[in-house]
Amino acid sequence: MAGRINDEDVKAVRDAVPIDAVVSEYLQLRNAGGGNLKGLCPFHDEKSPSFQVSPSKGLFHCFGCQEGGDTITFVMKVDHLSFSEAVERLAGQAGITLRYEEGGYNPTHQRGERIRLVEAHKIAAEWYAEQLATSPEADTGRAFLADRGFDQAAAVHFGVGYSPQGWDHLTRFLRGKGFSDKELVLSGLAQEGRRGPIDRFRGRLMWPIRDIGGDVVGFGARKLYEADNGPKYLNTPDTAIYKKSQVLYGIDLAKKDIAKSSRAVVVEGYTDVMACHLAGVTTAIATCGTAFGGDHIKILRRLLMDNGSARVIFTFDGDAAGQKAALRAFEDDQKFAAETYIAVAPDGMDPCDLRLAKGDEAVADLAEPRTPLFEFALRQIVVRYDLDTPAGRAAALDEAAPIVARIKNSGAQHEVAVQLAGMLGILDTQFVVKRVAQLARWARERGGKGPAPDQQQRGGGGDQRYAPAQAAPRGPALNLRNPVFATERELLKLALQRPELVSPAFDAYGVDEFTAPPYAAVRQAILDAGGAEHGVQDPQEYLIRVREAAPDDTVRAMVTELAVEAIMLHRGVKGVDETYAGAQLVTVRRRAVERRIRDITSRLTRLSTHGDPGELAAVQNELWVLQQYDQALREHGAAAL
């Protein structure tokens with residue numbers, strides 16, 4: 001068991017390694033006045049920097065989460081190390097040989113597990129790189145790199161190596177360096193075979209993956225031979241030092257330029273990072289076999305300092321997988337204070353292919369901000385729907401509005417909401433603007449988590465002209481003061497309580513003529529039960545059939561409620577009669593016609609710019625027919641139904 005590190009050596013380590021130099025490896029520091037520095041705390045999420053470092057005192061303190069201590073404490077907390085592991089790491093950086101008070105110093109057995117695993121990876125990376133540079137077997141790997149525009153100097157700069165095809169070349173080499181079989185398996189460099197540990201990576205190009213501090217913690221291995229039955233890319237499994245969701249390839253090379261320029265370029269692969277850096281885009285990074293997510297954002301936020309001018313540009317491939325990856329990245333977009341963009345190369349080429357085809361300038365140009373990520377997300381949504389139909393526009397709005405609501409700048413949010421209305425062909429721009437504002441307000445009330453899934457679909461008592469008519473009843477209670485809902489409710493009560501007053505006209509009404517989702521569900525239940533006309537013959541049996549036709553207990557309860565609730569007579573109306581029933585029928589129908597007229601007008605607006613002349617004429621004729629029908633309803637009432 002390792003002895004206690006000599007106190008004098010611990011002090012020597014503290015004095016030798018400046019705290020600001022260590023902290024700067026993990027986050028960007030700026031002048032805070034009084035000789036102190038500040039940055040975004042790595043131990044909790046925050047929008048403005050409350051983490052301060054005092055180089056003169058060798059201490060740090062966060063005024064937000066109250067974490068604090070010296071250089072050793074910082075390394076312990078940020079990398080989850082024990083005291084001895086943190087001291088050993090810092091001693092290695094400073095070139096200090098540590099003494100142990102019990103049993104003396106033993107570099108093989110007296111270091112912490114993390115230090116041992118990191119050292120194994122460092123030695124493995126050097127060995128892999130030597131194989132690529134000198135081994136005849138590595139010709140295939142060198143040819144692979146050359147075909148992609150990377151010479152030996154590029155391979156050395158990025159530490160690219162080669163793992164021989166044999167079963168245990170690296171395992172035997174590391175054993176010779178004093179590493180145990182257990183350490184090799186724990187590191188992920190080896191795996192259990194039939195007769196003991198064997199190399200995990202064989203016959204592959206090897207990219208060392210470093211953490212933000214520069215330590216090699218894992219590898220990405222590219223398949224080279226057809227006989228290899230493994231995946232195209234094989235990464236180190238999760239270990240004590242490697243978590244794929246918490247590392248970014250190239251971050252060690254890019255971190256200073258990311259902090260300096262307040263810009264990061266996220267690409268998809270190791271060769272894309274290489275291509276970008278060689279083309280002068282030295283802020284390029286990539287994930288390691290996983291989607292860009294929350295832990296990656298935390299790494300970047302500490303470097304970007306969340307200032308308003310920061311930019312994160314995603315250069316996902318233009319294929320379906322790349323688009324899906326971009327949409328996944330957008331899910332976490334609101335966690336950035338930085339503006340996020342997406343850039344897709346011509347013909348969907350990735351940066352590596354683009355550099356080969358068009359040179360370094362094309363790669364540098366690709367990395368310039370292009371399309372805002374939210375705009376790309378909106379386009380991907382809109383193209384999936386049929387915007388010529390009310391249902392298509394409604395569904396597209398339901399999916400797109402929450403995305404616009406996530407835009408952090410309120411002015412930009414309003415402007416994009418207006419653009420969204422135009423993209424969807426919704427003439428009532430203010431409806432879309434209000435819908436987005438309401439979703440944004442819900443998100444703020446829920447602590448930035450966005451509206452609840454069941455609230456994204458409807459406004460809870462607001463204007464429902466574009467809400468899907470057949471959605472299941474949910475959300476806040478209906479606002480009965482809304483005349484649209486009130487009239488629909490009265491007509492349903494008549495259909496359930498006095499079907500003789502509304503039949504047979506009521507049975508010709510479509511489910512989509514009821515704009516409140518709960519009422520649309522009740523209308524569907526009446527339809528499934530055979531229609532209101534059956535209620536004229538046997539009212540009691542009719543209600544039983546409607547309740548049985550209800551899809552769930554919620555709709556069933558609504559049917560019961562409407563069947564027993566008193567019919568609300570307006571002032572001046574003497575009783576429930578055919579005149580009163582006719583007025584409700586006409587009001588609901590006219591509102592449906594008006595909605596259809598708006599839809600047709602919206603379609604005409606789009607067709608007038610690039611539509612087919614024949615289709616344009618047909619739509620104009622449909623609009624004229626609807627306008628004539630609306631006029632007849634207005635002039636003749638129920639007689640025109």
Side-chain angles (χ1 to χ4, degrees), residues 1-2 79-82 84-85 88-89 92 103 105-141 144 159-211 215-247 270 288-290:
M1 186 173 179
D79 280 327
H80 308 289
L81 304 180
S82 67
S84 61
E85 287 175 330
E88 288 165 350
R89 170 187 271 199
Y105 175 71
N106 187 321
T108 302
H109 301 294
Q110 294 184 324
R111 292 190 177 187
E113 179 183 278
R114 186 186 193 283
I115 299 298
R116 293 287 292 163
L117 299 187
V118 168
E119 186 173 353
H121 276 80
K122 177 184 177 182
I123 295 173
E126 293 171 349
W127 187 78
Y128 284 142
E130 183 180 356
Q131 300 305 306
L132 180 66
T134 62
S135 171
E137 182 188 321
D139 281 343
T140 305
F144 178 95
V160 184
Y162 175 79
S163 56
Q165 297 184 74
W167 288 101
D168 60 354
H169 289 293
L170 177 67
T171 297
R172 286 188 282 110
F173 179 78
L174 290 176
R175 279 176 180 158
K177 294 293 183 179
F179 291 94
S180 68
D181 288 354
K182 179 180 178 182
E183 287 175 326
L184 297 182
V185 173
L186 286 175
S187 71
L189 294 170
Q191 60 189 14
E192 290 291 353
R194 294 181 179 178
R195 299 180 180 178
I198 59 174
D199 294 351
R200 179 176 296 276
F201 306 107
R202 302 184 300 276
R204 288 175 174 255
L205 266 181
M206 306 296 296
W207 278 269
I209 299 169
R210 294 180 169 86
D211 62 16
D215 287 333
V216 180
V217 294
F219 289 94
R222 210 286 186 184
K223 175 179 177 179
L224 291 174
Y225 303 104
E226 290 298 326
D228 187 339
N229 294 322
K232 182 177 179 181
Y233 280 95
L234 180 65
N235 281 43
T236 295
D238 280 0
T239 67
I241 62 172
Y242 178 83
K243 300 288 187 293
K244 64 182 179 181
S245 64
Q246 298 174 9
V247 292
Y270 307 124
C288 302
T290 187

Report task. Enter the distance from Leu234:CG to Met206:CE here, rounded to the nearest 0.5 Å. Result -> 8.0 Å

Requested in this report: Using a 4.5 Å cut-off on heavy atoms from C-beta on, say whether the side chain of Trp127 contacts that of Pro164.
Outcome: yes

Query raised in the report: So, do Asp215 and Arg89 sit near enough that their side-chain heavy atoms are less than 4.5 Å apart?
Result: yes

Query raised in the report: Roughly how far, to the nearest 0.5 Å, is CD1 of Ile198 from CG of Leu184?
Result: 12.5 Å

Query raised in the report: Going from CG on Asn235 to OH on Tyr270, what distance comes out if it is rounded to the nearest 0.5 angstrom?
Result: 3.5 Å

Query raised in the report: If only atom types and distance count, is the side chain of Glu137 paired as donor or acceptor with the main-chain N or O of Gln165 below 3.5 Å?
Result: yes

Query raised in the report: Which is it for His121 and Phe219 under the side chain to side chain contact (heavy atoms under 4.5 Å, CB included) test, yes or no, and what are the steps along the way?
Result: CA-CA 9 Å; His121 276 80; Phe219 289 94; 3.6 Å; yes

Query raised in the report: With the threshold set at 4.0 Å, does a side-chain nitrogen-carboxylate oxygen contact exist between Asp181 and Arg175?
Result: yes

Requested in this report: Indicate yes or no for a side-chain donor-acceptor contact from Ser163 to the backbone of Arg204 under 3.5 Å, with no hydrogens or angles considered.
Outcome: yes

Requested in this report: Quick one: pull up CZ in Phe179 and OG1 in Thr171 and give me the separation to the nearest 0.5 Å.
Outcome: 12.5 Å

Query raised in the report: Is the closest side-chain heavy-atom distance between Leu205 and Thr140 below 4.5 Å?
Result: no

Query raised in the report: Is the number of heavy atoms from other residues, nucleotides or ligands under 6.0 Å of Lys243 NZ greater than 12?
Result: yes

Report summary line: So CD of Gln246 and CD1 of Ile241: to nearest 0.5 Å the spacing works out to 12.5 Å

Query - Interatomic spacing from CG in Leu189 to OG1 in Thr236 - rounded to 0.5 Å - result: 6.5 Å

Query raised in the report: Would the number of heavy atoms belonging to other residues, nucleotides or ligands and lying under 6.0 Å from NZ of Lys223 be above 12?
Result: yes

